[in-house]
Q: 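Handing you this structure, nothing more for now.
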Amino acid sequence: MTHFAKPTKYSTDYIIRQKDHLNDRTVETILKKNEDLFIFLLSFLLDIGMAYILFFVLRIGNSDALSRTANAYYVLYSRDPHLAAIGFIWPPLPSILQLPLLPITKALNIIPFTGNIVSALSGAACLVMMNKLLINMNVTTPIRWILVALLQFHPYTWYLFSAGMSEAVFLFFILTTLFGLSILPESMRSWVIVGFSLAAAFFTRYETLAMIVGVVLAVFIIMLEIDSEWKAKSEGLLIAILLPPFYGIALWIFFNWTLMSDPFYFLHSQFSLSNAADIAKIAGVSHPYYRGWENLLESFRIGITRSYQQCIAYPVLGIFAFISILQHQDRKGMGMFLAMISITAFTVLQVFQGSLASWMRYWFYAAPFSLVMAGIIQKNLIYKWRFLFNLLVIALFIASTPLLLNSMHNSQMGSDEQRLSALILDPEKEVALREKDGFWVYLNDAPIVAEAVDNFSEEGLVLVDSNSSFSVIMESGYPKRLVSSNDSDYFTVLNDPIGKATFILVLDPAAVGVQNTINIAYPSLFEKGADWATLVWDSGNQTYNHWRIYQVHSIE
């Protein structure tokens, strides 16, 4: 049980008293009233500073981040603005969070940077929540601050807190869920925190489905025989906790069904993750996870390898935490352990199904989970051994940096990850990697193609596929002149563009990893044109990808 002492008339500090049963003592933690604000602001400044360097100086990022920003952009500024334009493939919350910022970034002409701002804000919130979670696990103030700093400065965590992707948002809701479990069932607000965090997490990433299972097991373990009414209390808690995420899942299925005519469109449409070009079952033997496809032992090996490459502390402390939990019969520790392991198990399952790309970011939780594991161990550790244990945690995090950078240097990793590691390990190679980096290519091509599109759009609507042209759409000065694939009438125009669109922007089908409805509908249009379409612009050597604009006319 945690007790908070109110600040005195002359003090702004809180004294948090917790009983350390193992060492038979009461732990007093002095929490500065503005400590959370200080952590948030300092982390945000570090993250937004790194975001600025990555985006405006180094031009390093992930094209998925640009696409999420584009999904939010369509809601406000497309030819057919509506909330459903946010799309039904990726969970919508990371894009929705960008909506309030877009009018500002549009006015400043930095629209693609919007996602980076959300990442920086979310990353700062993650550190605040980690700090609260460590307090609940009796971690003393100096060590707590050191552990929080380890998370901030872990290379990949810092990158994800700055790069505009969904991981920072997702991590915040994971940590909030774990925080709720840490105060279950003493606090009545615990079920509200866990339930709504799971709901928000589902609208951020689909790994939440596995975490829901982990939380159900956690509740049963925490409540098991706690008193004579433990069964009834467990049922009540589970109903309260599961109602928000189940309602959210039902809504998402309902919207997919009513708007896309398929309740599971987000799972198996042609643009879903299960049909992506960079997964093992699509790429084949050249994929680094191919041997794990439908091979359980190999999938486990890949999961363990990627976990320690991301942060070597995770598998090491995970084993120690499990032993400590069993030895001390730590129910809350086991509950949090299962909730975390469920996400790892889900990622391993994706390897087994051949549906996971090889990027290291899919294993990002190794560093934050390591700190939670450390908190569980330290709570169950005899006081005299805690100093040496904390030295071990610090040493493992420090050792993780060169291991991570070396792993990212592998040619099988994502292009942004290779460029990041090359900046430190092999700067000359980083320059050579740029032409193969989708993010670099999109940022280079977008202004050139958008200028041509804007010029032609003066004469009539231009048909564009947002899946391959999202960066062009955001760069265009006249988005309302574009018929994009997020418009409600897009497929009507695509199926019969004559008289409905004046031009079509077409990307070379040879562009790696790009799925495009225009090329699917008209597979020979880019190379040969059509009797109803005439070539009027070719990007030539101006761009990395090859783009063409065709003028639509009646069949002669």
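From a predicted model like this one, the values you see are computed outputs, not experimental measurements. The residues of the chain are indexed from 1 along the displayed sequence.
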Q: May I ask you to check if Arg548 and Trp537 form a cation-pi contact, with NZ or CZ under 6.0 angstrom from the six-membered ring centre and within 45° of the axis?
A: no
Q: Where does the angle between the aromatic ring planes of Tyr290 and Trp293 fall among parallel (under 30°), tilted (30 to 60°) and perpendicular (over 60°)?
A: perpendicular
Q: Could you state the interatomic distance from CG (Leu160) to CE (Met50), rounded to the nearest 0.5 Å?
A: 11.5 Å
Q: Is Asp426 reaching over with its side chain to a backbone N or O of Ala422, donor-acceptor style, under 3.5 angstrom?
A: no
Q: Would you say OH of Tyr247 has more than 12 non-hydrogen atoms from neighbouring residues, nucleotides or ligands within 6.0 angstrom?
A: no
Q: Could you grab the distance from atom CE of Met360 to atom OG of Ser307, nearest 0.5 Å is fine?
A: 8.5 Å
Q: Is a side-chain N or O of Ser95 found less than 3.5 angstrom from the main chain of Arg68, in a donor-acceptor match?
A: yes
Q: For the residue pair Ser162 and Leu54, what are the closest heavy atoms and their distance?
A: CB-CD1, 4.0 Å
Q: Nearest 0.5 Å please: distance from the CG atom of Leu259 over to the OH atom of Tyr265.
A: 11.0 Å
Q: Does the plane of the ring in Phe266 sit parallel, tilted or perpendicular to the ring in Phe202? Use 30° and 60° as the thresholds.
A: perpendicular
Q: Could you check Tyr442 against Phe470 for ring pair (Phe, Tyr, Trp, His ring centres under 6.0 Å), going step by step and ending with a plain yes or no?
A: CA-CA 9 Å; Tyr442 280 132; Phe470 51 82; 4.9 Å; yes
Q: Ser197 side chain to Val194 main-chain N or O, any donor-acceptor pair under 3.5 Å?
A: no
Q: State whether the side chain of Asn519 and the backbone N or O of Asn516 hold a donor-acceptor pair below 3.5 Å, judged by distance alone.
A: no
Q: Going by the angle between their ring planes, with limits at 30° and 60°, are Phe526 and His546 parallel, tilted or perpendicular?
A: perpendicular
Q: With a distance cut-off below 6.0 Å to the six-membered ring centre and an angular limit of 45° from the axis, does Arg59 pair with Phe55 as a cation-pi contact?
A: yes
Q: Looking at Glu417 and Arg361, does any basic side-chain N land under 4.0 Å from a carboxylate oxygen?
A: no
Q: Would you indicate whether Phe88, at its atom CZ, is surrounded by more than 12 heavy atoms from other residues, nucleotides or ligands within a distance under 6.0 Å?
A: yes
Q: Between Tyr550 (side chain) and Leu525 (backbone), is there a donor-acceptor pair under 3.5 Å?
A: yes
Q: Locate the shortest heavy-atom distance separating Ala366 from Tyr314; write the atom from each residue and the value.
A: O-CB, 3.5 Å
Q: Please indicate whether Glu435 has more than 12 foreign heavy atoms, meaning atoms of other residues, nucleotides or ligands, lying under 6.0 Å from its CD.
A: no
Q: Donor-acceptor check, side chain of Thr176 to backbone of Phe172, threshold 3.5 angstrom: yes or no?
A: yes
Q: Do side-chain atoms of Asp489 reach the backbone of Thr492 as a donor and acceptor pair under 3.5 angstrom?
A: no
Q: Can you confirm if the NZ or CZ of Lys480 lies within 45° of the ring axis of Tyr77 and under 6.0 Å from the centre of its six-membered ring?
A: no
Q: Taking side chain as C-beta onward, heavy atoms only, is Gln309 less than 4.5 Å from Met408?
A: no
Q: Main chain of Ser466, side chain of Ser485: is a donor-acceptor contact present, judged purely on distance under 3.5 Å?
A: yes
Q: Is the CZ atom of Phe153 crowded by more than 12 outside heavy atoms at less than 6.0 Å?
A: yes
Q: Report the C-alpha separation of Phe456 and Phe503 in whole Å, then their side-chain angles, then the decisive distance to 0.1 Å, and conclude whether the ring pair (Phe, Tyr, Trp, His ring centres under 6.0 Å) test is met.
A: CA-CA 8 Å; Phe456 284 106; Phe503 301 94; 5.1 Å; yes
Q: If you draw a 6.0 Å radius around CG in Asn541, do more than 12 non-hydrogen atoms from other residues or ligands fall strictly inside?
A: no
Q: Does Phe56 form a ring pair (Phe, Tyr, Trp, His ring centres under 6.0 Å) with Phe113? I'd like the steps, not just the answer.
A: CA-CA 9 Å; Phe56 293 105; Phe113 191 65; 5.0 Å; yes
Q: Might you point out which heavy atoms bring Ala367 and Thr157 nearest each other, and give the distance in Å?
A: CB-OG1, 3.8 Å
Q: Could you check whether any side-chain N or O of Asn256 sits under 3.5 Å from a backbone N or O of Pro263, counting only pairs where one atom can act as donor and the other as acceptor?
A: no
Q: Can you tell me how far apart OG (Ser355) and CG (Leu349) are? Round to the nearest 0.5 Å.
A: 7.0 Å
Q: Does a sphere of radius 6.0 Å around NZ in Lys436 hold more than 12 heavy atoms from other residues, nucleotides or ligands, not counting ones at 6.0 Å or beyond?
A: no
Q: Over all heavy atoms of both residues, which pair between Cys311 and His154 is shortest? Give the atoms and the distance, please.
A: CB-NE2, 4.0 Å
Q: Taking the six-membered ring for Trp, are Tyr159 and Tyr156 parallel (under 30°), tilted (30 to 60°) or perpendicular (over 60°)?
A: perpendicular
Q: Give the minimum heavy-atom separation between Asn444 and Gln542, together with the two atoms involved.
A: ND2-O, 4.1 Å
Q: Measure the acute angle between the ring planes of Trp252 and Phe203, then classify it against the limits of 30° and 60° as parallel, tilted or perpendicular.
A: perpendicular
Q: Under a 3.5 Å threshold, yes or no: a donor from one side chain and an acceptor from the other, between Ser469 and Asp465?
A: no
Q: What do you reckon, is CZ of Phe196 surrounded by more than 12 foreign heavy atoms closer than 6.0 Å?
A: no
Q: Looking only at side-chain N and O atoms, does Thr114 offer a donor or acceptor that is under 3.5 Å from a partner on Thr69?
A: no
Q: Does a salt bridge link Lys500 with Asp496, judged by any charged N lying under 4.0 Å from a carboxylate O?
A: yes
Q: Using the rule given for ring pair (Phe, Tyr, Trp, His ring centres under 6.0 Å), can you reason through Tyr74 versus His82, listing the C-alpha separation, both sets of side-chain angles and the distance that settles it, and then say yes or no?
A: CA-CA 8 Å; Tyr74 307 143; His82 58 292; 9.6 Å; no
Q: As an exercise, state the distance from CG of Leu423 to NE2 of His409, rounded to the nearest 0.5 Å.
A: 10.5 Å
Q: Treating Asn295 as the side-chain partner and Glu298 as the backbone partner, does any N or O pair qualify as donor plus acceptor under 3.5 Å?
A: yes
Q: Please check if atom CZ in Arg434 has more than 12 non-hydrogen atoms from other residues, nucleotides or ligands closer than 6.0 Å.
A: yes
Q: Taking all non-hydrogen atoms of both residues into account, name the closest pair between Arg306 and Tyr289 and its distance.
A: NE-OH, 2.8 Å
Q: Within this structure, what is the CG-CD1 distance for the pair Asp437 and Ile60, rounded to the nearest 0.5 Å?
A: 7.5 Å
